[in-house]
Amino acid sequence: MEKTLSIIKPDGVKKNIIGEVIKRFEQKDLKVVGMKMIQLSKEDAQNFYIVHKERPFYSSLTDFMSEGPVVIIVLAGEKAIMRLRDLMGATNPKSAAPGTIRADFASDVEHNIVHGSDSAESAAYEIPFFFSSLEIH
Ligand code: DAT
Ligand code: MG
C-alpha cells in the first residue's frame, strides 16, 4: 500500500467537480484516507511548491493556488502515486490523454484542476505538509 497526496485546486472547487474527481479516484480503487478543505495563504502555496521557486510560473502558480479553497486528499492503494498521475493526465490539458481529469476539465496548463505527488520523495514531503498522523486513517 502506497500513499499519495492530491489537491483539488481552486478551479476544480469553483467548477463544482469535487465529487466528480473523488468518484474517479474511488472507481480506480484509490482509497481516501485523509481529507480537508482549506484556503492556502500565498506563503503556504510558495512553501508547498518550493521545488518550483526558480520557474517563471512560480508567482502566478502560487497566486492561483491561494485564490480560493482547495480540497486536500491523501489516497492509498497499490502503486497509488503512479495511478493517480495516470488519472490526472499530463500537466498541459492539450497533451493530456482523453478521459483523464485534466483532459476533461482543465482550462490551461496553469488551471489544471488537480495536483498529485510525482514520486515517493514528493509524497513524503507533501503528505505531512498538510496532515498529522492522527488525520490519516
Ligand atoms: P504537475 O502538476 O503535472 O506535477 P509540475 O509539477 O511540473 O506539474 O508543475 C506544477 C504546476 O505548475 C502545474 O500543475 C501547473 C503549473 N505549471 C507547470 N508548468 C507550467 C507552465 N509552463 N506555465 C504555467 N504554469 C505551469
Ligand atoms: Mg508536480
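Atoms within each ligand, like the ligands themselves, are counted from 1 in listed order.
- For the ring-ring contact (aromatic ring centres under 6.0 Å, His included) test with F48, the passing option among F129, Y125, Y58 is F129; the others fail.
- Shown are V70, I101, I22; of these, the side chain to side chain contact (heavy atoms under 4.5 Å, CB included) with I8 is made only by I22.
- Counted within 6.0 Å of NZ on K94, heavy atoms from surrounding residues, nucleotides or ligands total 12 or fewer; the atom is thus considered open.
- By the neighbour-count criterion of 12 heavy atoms within 6.0 Å, atom NZ of K14 is densely surrounded, having more than that number from other residues, nucleotides or ligands.
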Note to self: Go through it in stages, so that I can follow the logic: the residues are R24 and D104, the test is salt bridge (Lys or Arg N to Asp or Glu O under 4.0 Å), and I'd like the CA-CA distance, side-chain angles, deciding distance and then a yes or no.
What the structure shows: CA-CA 12 Å; R24 290 178 181 218; D104 288 347; 2.8 Å; yes
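- In this structure, the separation between CG on D44 and OG on S66 is 8.5 Å, given to the nearest 0.5 Å.
- Residues with a heavy atom under 4.0 Å from ligand 1: K9, Y49, H52, F57, L61, R85, T91, R102, V109, E110, N112.
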